[in-house]
Asks: 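Below is the structure I would like to discuss, written out as structure tokens.
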Amino acid sequence: MRLALFQPAIPQNVGACIRLSACFGVELHVIEPAGFRFDDRAMKRAALDYGPLGHMTRHANWETFQRDRGPGRLVLFTTKGATPLQEFDFRPDDVLLFGSEPTGAPDYVHEAADARVVIPLEPGARSLNLSVSAGIAVWEGLRAGR
């Protein structure tokens, strides 16, 4: 199981995902460009001292990520998803991909995805925070994909 963030814009979310990946033992892939510098204090504060425990790979762009990501399905989490989270059958080598906070994932990312998954929310709720969504997805993927 791997976690990937497409062009993240909020450093605190990446910091929280570094911590998440370290705590659950999953790789974190960041697809750039990001909306901040990686020496941002907010990201470092959110990641605390978990950085050395995690495995983060930065990819210069979408094409580099696609070339280097390795085997496994690309599972895009999106509010436009087709399959509710609780109905999706995870596999151990899935790559759980999340779009940019302000804009989501562009059409070409949707088209490249092997599956699209939505985390069900209450009617009228728009979306969850990126790192909260990633935490839900990683836990459910690890639980169900074993």
Side-chain angles (χ1 to χ4, degrees), residues 1-24 26-47 50-51 54-145:
M1 191 77 43
R2 290 164 284 162
L3 174 61
L5 307 177
F6 178 84
Q7 298 180 355
I10 301 173
Q12 295 90 333
N13 282 332
V14 175
C17 287
I18 289 170
R19 192 173 182 172
L20 173 71
S21 70
C23 288
F24 286 116
V26 299
E27 294 177 16
L28 174 62
H29 295 263
V30 176
I31 304 158
E32 298 195 42
F36 57 90
R37 293 188 346 228
F38 270 81
D39 62 353
D40 189 291
R41 288 180 54 215
M43 184 186 71
K44 288 181 180 179
R45 187 171 45 251
Y50 285 85
H55 178 75
M56 181 176 72
T57 302
R58 293 169 57 189
H59 303 273
N61 53 44
W62 174 251
E63 292 77 18
T64 303
F65 167 73
Q66 282 288 74
R67 183 191 71 212
D68 296 342
R69 71 178 169 92
R73 296 180 304 176
L74 192 60
V75 180
L76 177 63
F77 280 77
T78 174
T79 56
K80 302 172 187 168
T83 305
L85 174 67
Q86 69 275 16
E87 296 175 15
F88 188 72
D89 291 322
F90 289 94
R91 297 180 190 159
D93 63 349
D94 284 341
V95 178
L96 311 182
L97 176 64
F98 289 82
S100 179
E101 296 93 325
T103 58
D107 289 342
Y108 65 89
V109 172
H110 277 265
E111 291 165 10
D114 298 300
R116 291 189 317 224
V117 175
V118 62
I119 298 172
L121 304 176
E122 289 292 313
R126 229 177 12 154
S127 65
L128 292 166
N129 171 282
L130 171 67
S131 59
V132 170
S133 297
I136 291 168
V138 167
W139 173 251
E140 182 62 14
L142 289 172
R143 185 196 67 76

Asks: Can you check side chain to side chain contact (heavy atoms under 4.5 Å, CB included) on Leu85 and Glu140, steps first, answer last?
Replies: CA-CA 8 Å; Leu85 174 67; Glu140 182 62 14; 3.9 Å; yes

Asks: Checking side chain to side chain donor-acceptor pair (under 3.5 Å) against His29, which of Arg2, His59, His55 comes through?
Replies: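 Filter result, single survivor: His59.
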
Asks: Could you tell me whether the side chain of Thr64 and the main chain of Ala60 form a donor-acceptor pair under 3.5 Å?
Replies: no

Asks: Which value, rounded to the nearest 0.5 Å, describes the distance between Ile31 atom CD1 and Asn61 atom CG?
Replies: 9.5 Å

Asks: How many angstroms lie between atom CZ of Arg69 and atom OG1 of Thr57, to the nearest 0.5 angstrom?
Replies: 13.5 Å

Asks: On a heavy-atom basis, which atom in Thr79 and which in Ser127 lie closest, and how many Å separate them?
Replies: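 Residues Thr79 and Ser127, closest heavy atoms: CG2-CB, 4.1 Å.
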
Asks: How far does CG of Asp94 sit from CG of Leu142, to the nearest 0.5 angstrom?
Replies: 10.5 Å

Asks: Do Val75 and Asp114 touch side chain to side chain, with heavy atoms closer than 4.5 Å?
Replies: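 No, too far: nothing below the 4.5 Å cut-off.
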
Asks: Does any part of the side chain of Val117, heavy atoms only, come nearer than 4.5 Å to the side chain of Leu76, both counted from C-beta?
Replies: no

Asks: Less than 4.5 Å apart, side chain to side chain, heavy atoms only: is that true for Phe98 and Thr78?
Replies: no

Asks: Side chains of Val118 and Phe77: closer than 4.5 Å at any heavy-atom pair?
Replies: no

Asks: What pair of heavy atoms forms the shortest contact from Ala112 to Gln66, and how long is it?
Replies: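 Closest approach of Ala112 to Gln66: CB-NE2, 3.8 Å.
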
Asks: To the nearest 0.5 Å, tell me how far Gln12 CD sits from Phe36 CZ.
Replies: 8.5 Å

Asks: So, taking the atom named CG in Leu96 and the one named CG in Leu3, what distance separates them when rounded to the nearest 0.5 Å?
Replies: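 Spacing of CG (Leu96) from CG (Leu3) equals 6.5 Å.
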
Asks: Can you name the salt bridge (charged side-chain N to carboxylate O under 4.0 Å, His left out) partners of Arg58, sequence neighbours left out?
Replies: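 Testing Arg58 for salt bridge (charged side-chain N to carboxylate O under 4.0 Å, His left out), a comparison that skips the adjacent residues, returns Glu32.
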
Asks: When rounded to the nearest 0.5 angstrom, what distance separates CG in Asn13 from OG in Ser100?
Replies: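 The OG atom of Ser100 is 10.0 Å from CG of Asn13, to the nearest 0.5 Å.
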
Asks: Side chains of Glu101 and Pro8, heavy atoms from C-beta outward: is any pair under 4.5 Å?
Replies: yes

Asks: With a 4.5 Å cut-off on side-chain heavy atoms, are Ser131 and Leu20 touching?
Replies: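 No, side chains not in contact.
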
Asks: Mind checking whether Phe65 and Trp62 have parallel, tilted or perpendicular rings, split at 30° and 60°?
Replies: tilted

Asks: Considering only heavy atoms from C-beta outward, does the side chain of Phe6 approach that of Leu97 to under 4.5 Å?
Replies: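 Contact flag for Phe6/Leu97 side chains = yes.
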
Asks: Are Ile18 and Met56 packed together at the side-chain level, in the sense that at least one heavy-atom pair is separated by less than 4.5 angstrom?
Replies: yes

